[in-house]
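Taking it in order: structure first as structure tokens, then the write-up.
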Amino acid sequence: MSLSETITLPDGTKYEQPLGLFINNEFVQGTGGLIESYSPHSTKLITSVHAASAEDVDKAVQVAREAYNKTWKHIEPSDKGKLMWKLADLLEKNGEILGKIDAIDAGKPFENNALNDIAQSASLCRYYAGYTDKVPGKYTQINADKFVYEVQEPYGVVGQIVPWNYPLAMAQWKILGAIAAGNTVVIKSAENTPLSLLYFGNLIIEAGFPPGVVNIISGWGKEAGSAIASHMDIDKVAFTGSTAVGKLIQQMASASNLKAVTLECGGKSPCVVFEDADLESAVRHASLGIFYNSGQNCTANSRIILHESVHDKFLQLFKDYVDSNWIVGDPFDPKVTVGPLVSKVQRDRVQSYIDHGLNVEKLERFMGNEPVKAEGYYIPPTVFINVPTTSKLWKEEIFGPVAVVCKFSTYDEALQLANDTTYGLGSAVFSTNIKRAHRFAAGLQAGTVWINSSNDEDVRASFGGYKQSGEGSGRELGEKGLLIYTQTKAVHVNLDLEGSKL
Ligand code: NAD
Ligand code: MN
């Protein structure tokens with residue numbers, strides 16, 4: 001099986017797509033069979049990549065361990081930073097092609113979505129490049145004779161498993177923090193979207209990273225993913241994906257070598273609009289929060305909770321705004337802002353929620369009555385109104401462009417509704433009353449709160465979940481997104497001033 005293939009993209013661009021596993025700065029054969037990757041817009045096969053078997057994972061881990069011990073550990077932090085600065089430049093230089101690969105493979109609108117991912121990845125790369133020589137420590141004076149210093153040391157070899165909704169960007173959130181903190185990495189892409197991360201392997205070589213620092217594998221969750229989570233020589237595993245698989249990862253980590261775990265799982269985020277909100281702004285943000293990336297966002301504000309006095313006005317503005325701004329269609333069309341869902345499986349899963357809402361629960365569909373006329377895996381922006389909290393659509397993560405709406409009359413009711421979920425990833429609140437907005441933020445059970453915006457995370461601020469959206473302390477982005485890849489060592493220093501001769 002070939003290790004690369006010339007691919008012609010829908011806009012005529014030709015490029016060389018690596019297909020092998022990226023281990024030790026080389027593309028090599030995998031022994032776990034092949035993974036076919038499809039375009040969700042055309043529904044056609046793009047190409048097949050090599051899948052990693054458990055033995056391939058083992059090989060990658062050995063290489064990462066050797067790179068950690070022999071090279072990466074001995075490179076000065078600021079020199080690691082220089083490599084990362086170079087990598088950031090290369091992400092920008094290759095932005096167009098990386099964006100186009102995610103556009104064809106994941107169905108992300110190139111102009112209005114995929115390019116943002118690459119820009120964010122480059123910013124994050126610079127942010128962590130600057131952190132390589134600024135990993136914070138702590139000093140404590142115990143008494144005149146003694147002090148303790150605490151250092152943050154890398155774990156060693158980190159295993160990472162990413163989903164398909166942000167194929168390149170999600171991987172950067174994981175790789176960059178880990179290598180900046182001094183670890184080496186074995187990362188697995190999602191089955192639906194292996195292509196951009198393999199291409200990124202080229203940039204690792206070109207930036208001049210020593211072999212084995214970043215190893216990239218394509219592979220099946222059950223085989224390669226579980227080989228990572230249960231590997232005896234991986235010191236930490238970081239995962240983003242469904243809560244169900246997150247729980248399995250934690251079990252495998254415990255059952256093997258008790259490796260450290262960071263999980264970023266699902267969400268069912270609320271967006272609360274008070275009667276004093278700037279409605280136009282709320283509409284813009286709330287629609288972005290549910291229709292950007294076709295709703296395939298872990299922080300998607302899929303529950304919209306409206307004060308009864310602005311409910312009808314909000315919905316009318318929302319409909320008008322969505323009709324003219326959230327344009328469904330071909331990811332390579334520059335006007336398009338909503339692409340297809342990533343796969344047939346995902347489209348069918350989302351459609352089954354819509355059908356359940358309509359046929360079983362008899363919910364009222366306010367938007368999304370017209371099916372999309374295209375052969376790909378499309379779902380139109382869809383909104384159900386007057387949805388009770390007992391509804392399956394209120395409770396479960398749908399991971400598509402489907403929002404449920406309900407009304408409230410009091411502040412307490414709004415807070416109770418917002419927190420009425422097993423998840424706690426993001427929450428948005430719209431109010432121009434500064435006291436109310438901050439008090440509400442304090443009451444929300446979520447790792448991220450947006451006041452008067454939604455889903456506009458920033459690489460400098462931490463990101464992660466309360467409740468079943470994560471495993472508690474785990475955060476990505478910001479300083480915390482680097483510190484999760486470190487462990488703390490306390491060094492006690494006894495000067496013994498009293499007893500010793502100087
Ligand atoms: P998933 O959780 O199955 O897949 C995510 C990653 O985990 C992939 O790389 C996959 O290969 C890997 N994986 C799967 N099973 C594994 C296992 N047993 N051991 C180790 N790794 C394993 O997600 P999915 O099936 O692609 O999507 C299902 C649902 O998950 C979606 O509908 C959505 O609700 C949710 N989801 C959430 C996110 C998020 O960002 N929070 C991302 C993707 C999917
Ligand atoms: Mn694909």
Side-chain angles (χ1 to χ4, degrees), residues 7 17 32 35-49 51-52 54 57 101-108 159-167 169-171 173-174 187-197 217-231 237-253 256 261 263-269 293-300 302 331 339-353 376-377 396-400 402 423 425-426 447 463-465 468-470 476:
I7 289 182
Q17 172 65 51
I35 291 178
E36 295 180 328
S37 203
Y38 291 85
S39 153
H41 168 69
S42 72
T43 76
K44 304 251 159 47
L45 181 71
I46 308 166
T47 187
S48 301
V49 300
V57 169
I101 299 173
D102 273 355
I104 190 171
D105 201 11
K108 284 175 159 286
Q160 304 177 319
I161 299 170
V162 287
W164 39 257
N165 50 346
Y166 291 82
M170 239 356 57
W173 286 27
K174 294 207 158 28
I187 186 166
K188 188 190 90 58
S189 56
E191 294 88 329
N192 286 322
T193 54
L195 303 182
S196 57
L197 194 53
I217 59 175
S218 314
W220 301 99
K222 281 214 171 82
E223 178 155 16
S226 57
I228 289 175
S230 47
H231 203 284
V237 62
F239 164 84
T240 298
S242 60
T243 297
V245 174
K247 289 179 180 179
L248 289 177
I249 301 281
Q250 197 158 42
Q251 283 169 13
M252 289 186 270
S256 53
V261 178
L263 304 175
E264 202 267 271
C265 300
K268 191 73 191 177
S269 296
N293 213 37
S294 304
Q296 301 168 120
N297 289 318
C298 36
T299 47
S302 49
L341 298 195
V342 75
S343 64
K344 181 171 187 310
V345 169
Q346 191 62 16
R347 195 273 311 270
D348 292 351
R349 190 182 284 151
V350 173
Q351 188 62 48
S352 77
Y353 278 100
Y377 305 127
E396 295 180 17
E397 181 176 52
I398 299 175
F399 226 63
V402 182
Y423 293 111
L425 203 52
F463 179 98
Q468 292 190 38
S469 289
E476 299 191 284

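Order of appearance sets the numbers: ligands from 1, and atoms from 1 within every ligand.
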Would S469 and K268 count as having a side-chain donor-acceptor pair, cut-off 3.5 Å? no

Taking both backbone and side-chain atoms of G221, is any N or O found less than 3.5 Å from an N or O belonging to ligand 1? yes

With a cut-off of 4.0 Å, which atoms of ligand 1 are near a heavy atom of I249? 20 (C), 21 (N)

Can a donor-acceptor pair be found, under 3.5 Å and without considering hydrogens, that links the side chain of K188 to the backbone of G219? yes

shortest atom 38 (C) of ligand 1-to-protein heavy-atom contact is with F399 CZ, 3.3 Å

I187 and I217: side-chain contact (heavy atoms from CB on, under 4.5 Å), yes or no, with the steps? CA-CA 6 Å; I187 186 166; I217 59 175; over 6 Å; no

I'd like to know whether Y423 forms a side-chain contact (heavy atoms from CB on, under 4.5 Å) with T243, so could you lay out the CA-CA distance, the side-chain angles of the two residues, the decisive distance to 0.1 Å, and finally the verdict. CA-CA 9 Å; Y423 293 111; T243 297; 3.3 Å; yes

Note: ligand 1 atoms sitting under 4.0 Å from heavy atoms of A190 are 9 (O)

Think K344 forms a cation-pi with Y38, using NZ or CZ under 6.0 Å from the six-ring centre and within 45 degrees of its axis? no

Passing candidate, side-chain hydrogen bond (donor to acceptor under 3.5 Å, both in side chains) with K174, options Q160, E476, E264: E476

May I ask you to identify the nearest protein heavy atom to atom 12 (C) of ligand 1, giving residue, atom name and distance to one decimal place in Å? I161 CG2, 3.7 Å

Ligand 1 contact by M170, heavy-atom criterion under 4.0 angstrom: no

Ligand 1 and K222, any nitrogen or oxygen pair closer than 3.5 angstrom? no

Heavy-atom nearest option to atom 30 (O) of ligand 1, drawn from A227, S242, C298, S226: S242

Do any of the N/O/S atoms of N192, backbone or side chain, fall under 2.8 Å from the Mn ion (ligand 2)? yes

Can a donor-acceptor pair be found between the side chains of Y377 and Q346 at a distance below 3.5 Å? no

Sub-4.0 Å protein heavy atom near atom 2 (O) of ligand 1: yes

Look only at the side chain of E223 and the backbone of W220, and say whether a donor-acceptor pair between them is shorter than 3.5 Å. no

Can you list the ligand 1 atoms lying under 4.0 Å from a non-hydrogen atom of M252? 19 (N)

Atom 43 (C) of ligand 1 - nearest protein heavy atom and its distance: P163 CB, 3.4 Å

At what distance, to the nearest 0.5 angstrom, does CE of M252 lie from OG of S226? 5.0 Å

Spell out, as yes or no, whether a donor-acceptor pair under 3.5 Å connects the side chain of S352 to the backbone of R349. yes

Going by the order shown, which atoms of ligand 1 are within less than 4.0 Å of some heavy atom of G225? 19 (N), 20 (C), 21 (N)

Donor on one side chain, acceptor on other, D105 and T193, under 3.5 Å: no

S189 near ligand 1 by a heavy-atom separation under 4.0 Å: yes

Does any N/O atom on N192 come nearer than 3.5 Å to any N/O atom on ligand 1? no

Side-chain (N165) to main-chain (Q296) donor-acceptor, under 3.5 angstrom: yes

With a 4.5 Å cut-off on side-chain heavy atoms, are I161 and I249 touching? yes

Between C265 and ligand 1, which part of the residue brings a heavy atom under 4.0 Å of the ligand: side chain, backbone, both or neither? backbone

Any heavy atom of Q346 closer to ligand 1 than 4.0 angstrom? yes

What angle sits at the Mn ion (ligand 2) between O of D105 and O of Y38, to 10°? 90°

Using the benzene-type ring in the case of Trp, are the ring centres of Y166 and W173 under 6.0 Å apart? no

What residue and atom, counting heavy atoms only, is the protein's closest point to atom 10 (C) of ligand 1, and at what distance? E191 OE1, 3.5 Å

Per-residue contact class, I228 against ligand 1 - non-hydrogen pairs under 4.0 Å: neither

What's the shortest distance from atom 9 (O) of ligand 1 to any protein heavy atom, and which residue and atom give it? V162 O, 2.8 Å

Which protein non-hydrogen atom lies closest to atom 35 (C) of ligand 1, naming both residue and atom, and how far is it? E397 OE1, 3.6 Å

Quick test: of every protein heavy atom, which one is nearest to atom 32 (O) of ligand 1, and how far off is it to 0.1 Å? R349 NH1, 2.8 Å

I'd like to know if the side chain of E397 reaches the main chain of G267, judged simply by a donor and an acceptor atom lying under 3.5 Å from each other, with no hydrogens or angles considered. yes

Does S39 bring an N, O or S atom to under 2.8 Å of the Mn ion (ligand 2)? no

Among all protein heavy atoms, pick out the one at the shortest distance from atom 7 (O) of ligand 1; state its residue, atom name and that distance to 0.1 Å. F239 CE1, 3.2 Å

